[in-house]
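Report on the following structure.
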Amino acid sequence: WDEPVIFELSQPGERALLTPELEPAIEAAAHDVLFTLPPGMRRKLAPALPELSQNRVLRHYLRLSQETLGADFNVDVGQGTCTMKYNPKVNEHLARDARMSELHPLQDESTVQGILHVMHEMEGVLKEVSGMDAVSLQPRSGSQAIYANLAMIRAWFEARGEAGERDEIITTIFSHPSDAACAKVLGYKVITLYPDAEGYPDLAAMQAAVGPRTAALIITNPEDTGIFNAKIREFVAAAHGVGALACYDQANANGLLGITRAREAGFDLSHFNLHKTFSTPHACGGPAVGACAVTAALAPFLPRPVIVKEPDGRYRIEQGGERSIGKVAAFMGTASIVLRAYAWVMNLGAAGLREVAEIAVLNNNYMMAQLLKIRGLSAPYAPGKRRIEQVRYSWAELCAETGVHSGDIGLRAADYGVHYWTSHHPYVVPEPATIEPTESYSRADLDEFAQIMSRVADEARADPEMLRSAPHNCPTRRIDESCLDDPKRWAITWRGWQRKLAEHGVATPTAMDRAF
Amino acid sequence: WDEPVIFELSQPGERALLTPELEPAIEAAAHDVLFTLPPGMRRKLAPALPELSQNRVLRHYLRLSQETLGADFNVDVGQGTCTMKYNPKVNEHLARDARMSELHPLQDESTVQGILHVMHEMEGVLKEVSGMDAVSLQPRSGSQAIYANLAMIRAWFEARGEAGERDEIITTIFSHPSDAACAKVLGYKVITLYPDAEGYPDLAAMQAAVGPRTAALIITNPEDTGIFNAKIREFVAAAHGVGALACYDQANANGLLGITRAREAGFDLSHFNLHKTFSTPHACGGPAVGACAVTAALAPFLPRPVIVKEPDGRYRIEQGGERSIGKVAAFMGTASIVLRAYAWVMNLGAAGLREVAEIAVLNNNYMMAQLLKIRGLSAPYAPGKRRIEQVRYSWAELCAETGVHSGDIGLRAADYGVHYWTSHHPYVVPEPATIEPTESYSRADLDEFAQIMSRVADEARADPEMLRSAPHNCPTRRIDESCLDDPKRWAITWRGWQRKLAEHGVATPTAMDRAF
Amino acid sequence: MTSKPQVYPYIPNSVPAVKAAMLAATGAASVEEFYADVPTELRMDRPLNLPAPLLSEARLKRHVQAILARNRHCGEVLSFLGGGCYQHHVPAICDEINGRSEFLTAYAGEPYDDHGRFQALWEYCSMMGELLNLDVVSVPTYDGMQAAATACCMAARHSGRRLVLLAANTSADKRSHIKTYGRSEIDFVEVAFDPITGLLDRGDLRAKLSQEVAALYLDVPNYFGGIDEGQAIAGLVKSAGAMLIVGVDPLSLGVLTPPGDYGADIVCGDIQSLGMHMSYGGGHGGFIASRDEEALLMQYPSRLFGIAPTSVPGQYGFGDVAYQRTSFDKREQGNEFVGTAAALWGITAGVFLASQGPQGMVELGEGIMKRVAYARQRLSTLPGLRLAHPGAVHFKEFVLDFSATGKTVAEVNAGLRERAIFGGHDLSEAFPALGQSALYAFTEVHSQADIDALVDALREVLAS
Amino acid sequence: MTSKPQVYPYIPNSVPAVKAAMLAATGAASVEEFYADVPTELRMDRPLNLPAPLLSEARLKRHVQAILARNRHCGEVLSFLGGGCYQHHVPAICDEINGRSEFLTAYAGEPYDDHGRFQALWEYCSMMGELLNLDVVSVPTYDGMQAAATACCMAARHSGRRLVLLAANTSADKRSHIKTYGRSEIDFVEVAFDPITGLLDRGDLRAKLSQEVAALYLDVPNYFGGIDEGQAIAGLVKSAGAMLIVGVDPLSLGVLTPPGDYGADIVCGDIQSLGMHMSYGGGHGGFIASRDEEALLMQYPSRLFGIAPTSVPGQYGFGDVAYQRTSFDKREQGNEFVGTAAALWGITAGVFLASQGPQGMVELGEGIMKRVAYARQRLSTLPGLRLAHPGAVHFKEFVLDFSATGKTVAEVNAGLRERAIFGGHDLSEAFPALGQSALYAFTEVHSQADIDALVDALREVLAS
């Protein structure tokens, strides 16, 4: 497809939907209400939205959908740190049931016992998986769960009267950017630790960094390198030793389900992304759920409201006490995502979750064995050691030899119908590639991905320019990125684009020119 | 995608679904039942079905879906006679409601009052649209409705004791092939009329053909040429004049809703395809509904059972009388398709159906005006006359000039992302193309299609070989058709293909060779 | 026309300005001009008399949902209805795939633009071929009844004989359709069934077989769920030089021998069990299968898809095999007729079979047999209740005889409905010889608790 | 591990033979080896204690559906709940598009392999831009509450001031989140509302405005559904050199003036109304919008997509605008944080807006205002019932005061529930000053008959 922008498709007068009619009695009773609006508050011109028939709206979006490479369509192991796993369709269909989709979040408890049961049970699952004592499902993503955890840490010290002294949060460079960024939002100074020569978080640096100003450590384990930090208890102990809290970013817990938990390592808080470990769909980037799990000591600080199960088995919604950090998201969060995760867990059970972890780790180590056969690719740090659920590789050698960057390889991989990205800045590992196979792909799938990488590496040597101009087989070719950082030319909306085009005199392409 | 055949993807041991467990009490009670089967009746080897994980099954079929150009994705006006119109998604979603999908056809009447209401109301709609007195929704397609109508004609004459003498059915060459073919199935000799020089059904030929052996006339109007037969009453009268019945093939009634009806022309029977005129999805070729509509005299012959509305508003299912032709399809037919059609009619109402017809006809005549500007394309017959809902064109001139056939043009059109077929054999019109725009496409859509045709015609002149080797931009290139008519090489199944490959020694392609 | 023209979402060019411009482009003064060929006396002189429309999607949806709310569906009760349509678990990916806009709205495209449709249907046929151990499988016809009727016609054409024997333990509806459909070319004779076993009466079969017989049509399992001894019957049929046509529930073939293996020449049936919702009869599709013999293959009326190489080495494509057989190509000179039937259900059945795999089909078949055996044991203990066919082994369904309970099936079922149970289908009308009998079906959707609940409810109803 | 290893449909390599072969390929003796870095003392020494699994999809589906059956949803009753989440008609194509596997399972692909995702989100922003008359719109954040919190932080960063005024007629939940989120950088002060109109108390606003004030945050319509005079308030705010942030229900903008037009510098809100099911709070997404000024744009924390030419003349592509603003690029040096939020709802809102078009948005807005006006007229006639804010014009919702009826809102709502009606949200806890008051919402889903049914039911309940 070479589908135009939807505004270009507008045909004045067409309708895709009609509005329910007003009954004559309403018209009669209310015909003058529009004139009672405060001065200036009645819109003068209808919004300049496109006008299309329903058929054409549908065709437009269906074509755009086909120009999107969902995880359902590819061996999606190249999007490391994201835990792209299979999202069972049965869970999706269940979540679209009217008895889920048509629930208003302010309904009386008696009318929502089903969803309250699901949420309460899912809290129980996460308590067991983390070893923690209390869970909130309110945050709408992993980052918001990090935010909520850090807000609880702040409230904890405020409740103890130590807020003023404790203004530092320690994290590591291979922990998620949001760990650092959320700390900043909450008013903390961020101290970032870099790995030691082996790629492990540097315990000595940690011990040097902690002190009376430390509010908390927030850390991922394994980090984005896939290397498990065996000294994690010592990190936690170092924090606790100075009166600070320890917070576990377990957005991706996929390799550790049933193996080890936040509790055993001594953490006070942790969080999970249900759209990673618990298999809810990524949905182009949400809706999602980030679940906070905390110890009993921190439970009073959880966001409100909370679900309480009565002795008779009925569920109630309680607003929570004084020490709650209050709201972090509207209502009780994304309940329909919780339902999908619940169904996933109920299908697998304890043995199944353990199998998820073990196969995710097996797949990752198998993939590493295959990929390291490719000349020009290496797995920095911890030489000869196994990894947990992912590996951060480096194409530094290949780049030195050919001048082709990791980003070019990703765009060429897209030509072969697989996703691949380089993961988060800054690139501490040069020319990085983070591969996370999860448990969802078969050996044949993994072999196919490794073969594509191998072929692309060969192409880099044979024809580096072809790679640098990739993609060649995608809906569009490389864009002029300079536009996107230039205030004179960037255009976040069609109206902005039209205005700037008019100012700069660039002709807008017409639909027929672009038909092939 | 270059998706392998599903058997090539099999990974021994993988499962996409697990089966519900048997409880121990059942196992205990029934463990020996398999040994009680009659000799030789227990299957020895499990069927050699592919073994795949759920993720891989889904990926396979999703990729195949993307290699299918549904009507939702293209300006589907090139599939004339098929009435490719918009199938509203709301109707689809309603029909997938459990209160429709989970109904067993033998449920007690009291538990299916909703669907019986829908079917009864839809019968009423079709009675009004046809002017006939009774309707059966049992046939599962237009062809089966033709069959049912002809079976009623046979039963009618059997009931009158005339079956022996009446063994001929008259139809026209531009009526659907099933009109002739179904008559044959029911034991009739088929007499096919050809058009007169103007392209109209030849009334003189009709009058010459009828006689005491004539059981019925079955005819389309307008025929596939889109030309309305103004003398239709005379055709019907000619049949009636010899004591024969007249049956109207109104599979495609899209141009005539609210304009003219079977009743006014004097027909005794007619049928509609709900997947054409009444907007239910074509579904790759069914499921579907063909509705028979007949006069009161023929009503006793309708398939059984029938729905009866009681004075208190409740619905009952009656098995029908002695004269019924019995069953033509399982249960009451494809009720879920009836629901979609009902929703479509209820959305539009009388004025809307009339608008459907008028715009379908406007679109067709507009399209004809655009297409006839293309050099090499003509609209045979009835020069200067308007058409109803479709036009059978001819590329004879272009073919004479370039050697490019209509079929080549169709395959090249596929490269531009639109369907186009040449419609039914035999090709009385040389190098035919039947274009039926329906009411569902905008002027811009129609212009786009006409431009593609114009461009392809230009290409035929500039580079005929390129057209003869089309398609160039489809999932596959041209196949070796000789395989398909050669008993030694045709392969209707994978097992047949494997066996014949082994016999002929042709190597099967491997997945990696075919990755681009 | 109302005073203010209505723009319809499904009719883009209902916009008045566009309509006027398009009319101008055609040189017509009004739409009426296009209907110039329609004589006045044929024209409707009034608007159609139809219910007032619900123009907004919101109101339409509400209207239809209110109607649907008057249904009570099998997902909210326990249902034991069968008799040709079955409540099985429909895997979510079956719905996912057949709900894809691409498959849902495709139709008659070429093997290039619709490559995926051809491949999906060819794979469906291929997987059915594995299930049936046969090399030729047609794309779906309307339903199992139609498949049976066509199979009889194929056998008559192939053999040149016009007598077809029909097993009387076939559904009455199916026999009705087969006869209406085939009787211009075929004389049908029914073969009785043994009242104790419900299986085919071999004595009657022997008596009716002759050199005039084209074929025997037999369902395995039969309408009562009973499983006949295929090989023995095939032997009799073959000895008369006739063909054997077996209608089969494809879901039984994980555990039962495929009919081709015991000598069936044509195998047919319904694919509703393979991933289709019941939809009040909307989920049916028929299949016809046979060995790959040219003469037999040339008797198929439906389309047959084949695989073929393309001009690119190593690439597969698909197309129509022996298209000249069809009425699309040859009108009344083709075999019977062909058209839209149930293609989407073929694609869906393919998804189902690919999802079950060999092990799933075996487990499904065995599990159903065991549930039936358990249900027979439990139900036969109820006072007055009798298994109608104690002498046979059953798959998925069997007949319960209520004659000795003093209650009609209708009364029993009314009592069960009050307990949120749909009892078995009442056979007293279609098979009066069976007395007050009902056909009960059990599938993998039924747990032990469900069967036990049925037993308990029946005990209550019978005692009341 | 059970004795017979379980193969899991979602875990292809759970096949024992494959597992063994893969282990061999890695040179590991067992999976344990991969966990060598995990110290023994950290290892779980027992299996997770979770409910027994429902391994088959059939049993899982039945289990979950039985749980869902314990909910009573708004489609089967009349609901008048609002307060930030609204029952609107969700067009079928919204569900169709957001249910497409491609959109549902895509994530962080590049603008090339995920061109469609980028275009769909960019178009969403573009259509929101038309609705808002603003050139910059962010991709969705979590919900309207988050959008409001971020908007306040953006204003503080942009202005360099740390005082933000919050209208007290904003939802209590939203004020809670804004404060928790922003208070490390911002001091919040609430501005009272007029008890008669529920609108902002301009006297209090004047009193609190100063050169220290970064911005006023105000919802239009406010939490009570009342519509303030934007221009007048904007005038006051501007005269203090402060910014105006307006939270708006985008569905109101077919009839109400977009806040940018009366001077709002940042406009934010929730898109749940635009085609999302309520899903017990699962349908939310937030938007933030402004003029295209570089300094302001550089304050956005979320991703902003831009259109750009490609190396093919005439071709469009898409990409990230000013990515270096974000925490993805700069960690704690970026603005706030960014991550997964509610992208699918952005795409869906785009489908909604493209489907409504200009006329649909106008009709929706006007129709809702008229239904509200009708409901206010009818309800105010009931004995003891009072409109809490008679002095204002309302969009979509308004407050009913039950204080004079002698019944609590809880009692009234219990009575309504018995009549299959969900009454308005009880405000007695969050706004005690309003007494026994409830917030009633009306949308295009409500017909006159529905409103009349509410009036009749309330009359009964109040009389009982």
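First the proteins, then the strands, lettered A, B, ... as listed; each starts at 1. What you are looking at is a predicted structure, and each value in this text was computed from that prediction instead of being measured.
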Closest non-hydrogen atom pair between [X] and [Y], with its separation:
X: C:E332; Y: B:K184; answer: O-NZ, 3.3 Å
X: C:L104; Y: B:E92; answer: CD2-CD, 3.4 Å
X: B:L103; Y: C:M278; answer: O-CB, 3.3 Å
X: B:G40; Y: C:Q231; answer: CA-OE1, 4.4 Å
X: B:Q79; Y: C:A108; answer: NE2-N, 2.9 Å
X: B:P47; Y: C:P358; answer: O-CB, 3.1 Å

Go through [options] and name the one with the most non-hydrogen pairs under 4.5 angstrom from chain C.
options: B:G496, B:A46, B:A98; answer: B:A98
options: B:A265, B:G142, B:P88; answer: B:P88
options: B:R261, B:E51, B:R354; answer: B:R261
options: B:R478, B:R99, B:H60, B:R495; answer: B:R495
options: B:D485, B:L106, B:L353; answer: B:L106
options: B:G352, B:G410, B:A151, B:A288; answer: B:G352

Would you kindly say whether [X] and [Y] are connected by a side-chain donor-acceptor distance under 3.5 Å?
X: B:N363; Y: C:N13; answer: yes
X: C:E363; Y: B:T19; answer: yes
X: C:R117; Y: B:T68; answer: no

Give a yes or no answer on whether the side chain of [X] reaches the backbone of [Y] with a donor-acceptor pair at less than 3.5 Å.
X: C:T180; Y: B:I325; answer: yes
X: B:T493; Y: C:S126; answer: no
X: B:R43; Y: C:L253; answer: yes
X: C:T105; Y: B:A71; answer: yes
X: B:E128; Y: C:N49; answer: yes
X: B:T260; Y: C:L42; answer: yes
X: C:Q315; Y: B:R477; answer: yes
X: C:Q377; Y: B:A29; answer: yes
X: C:S176; Y: B:K327; answer: yes
X: B:Y61; Y: C:E96; answer: no

[X] portion near chain C, given a 4.5 angstrom heavy-atom threshold:
X: B:L362; result: both
X: B:R96; result: side chain
X: B:K44; result: neither
X: B:I6; result: both
X: B:D72; result: both
X: B:C483; result: side chain

How are the rings of C:Y107 and B:H275 set to each other: parallel, tilted or perpendicular (split at 30° and 60°)?
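Correct class here is perpendicular.
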Relative to the ring of C:H284, is the ring of B:F331 parallel (under 30°), tilted (30 to 60°) or perpendicular (over 60°)?
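Plane angle between 30° and 60°, so tilted.
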How far apart are the C-alpha atoms of C:Y280 and B:L339, what are their side-chain angles, what is the distance that settles it, and do they pass the side-chain contact (heavy atoms from CB on, under 4.5 Å) test?
CA-CA 11 Å; C:Y280 204 60; B:L339 178 68; over 6 Å; no
From [X] atom [atom1] to [Y] atom [atom2], the distance as rounded to the nearest 0.5 Å:
X: C:D113; Y: B:H419; atom1: CG; atom2: NE2; value: 5.0 Å
X: B:H104; Y: C:H73; atom1: NE2; atom2: NE2; value: 15.0 Å
X: C:R43; Y: B:E264; atom1: CZ; atom2: CD; value: 11.0 Å
X: C:E123; Y: B:E3; atom1: CD; atom2: CD; value: 8.0 Å
X: B:M100; Y: C:H277; atom1: CE; atom2: NE2; value: 11.5 Å
X: B:L37; Y: C:T257; atom1: CG; atom2: OG1; value: 8.0 Å

Taking 4.0 angstrom as the limit, do [X] and [Y] come out as a salt bridge?
X: C:R417; Y: B:D108; value: yes
X: B:R42; Y: C:E366; value: yes
X: B:E27; Y: C:R371; value: no

Within a strict 4.5 Å, meaning less than it, do heavy atoms of the B:M346 and C:P53 side chains meet?
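Heavy-atom side-chain distance check fails, nothing below 4.5 Å.
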Under 4.5 Å between any side-chain heavy atoms of C:S101 and B:F73, yes or no?
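Side chain of C:S101 against side chain of B:F73, heavy atoms only: contact under 4.5 Å found.
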Check whether C:V38 gets within reach of chain B through its side chain, its backbone, both or neither, counting any heavy atom under 4.5 Å.
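Both parts, backbone and side chain.
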Residue pair C:L54, B:N347: steps toward the side-chain contact (heavy atoms from CB on, under 4.5 Å) verdict:
CA-CA 5 Å; C:L54 300 147; B:N347 176 259; 5.8 Å; no
Passes side-chain contact (heavy atoms from CB on, under 4.5 Å), B:L64 versus C:F103? Steps please.
CA-CA 9 Å; B:L64 294 188; C:F103 285 138; 4.1 Å; yes
B:L411/C:E110 under side-chain contact (heavy atoms from CB on, under 4.5 Å): CA gap, chis, key distance, verdict
CA-CA 8 Å; B:L411 297 188; C:E110 301 293 330; 3.9 Å; yes
Kindly indicate, with the supporting measurements, whether the criterion ring-ring contact (aromatic ring centres under 6.0 Å, His included) is fulfilled by B:F228 and C:Y35.
CA-CA 8 Å; B:F228 190 87; C:Y35 291 119; 8.4 Å; no
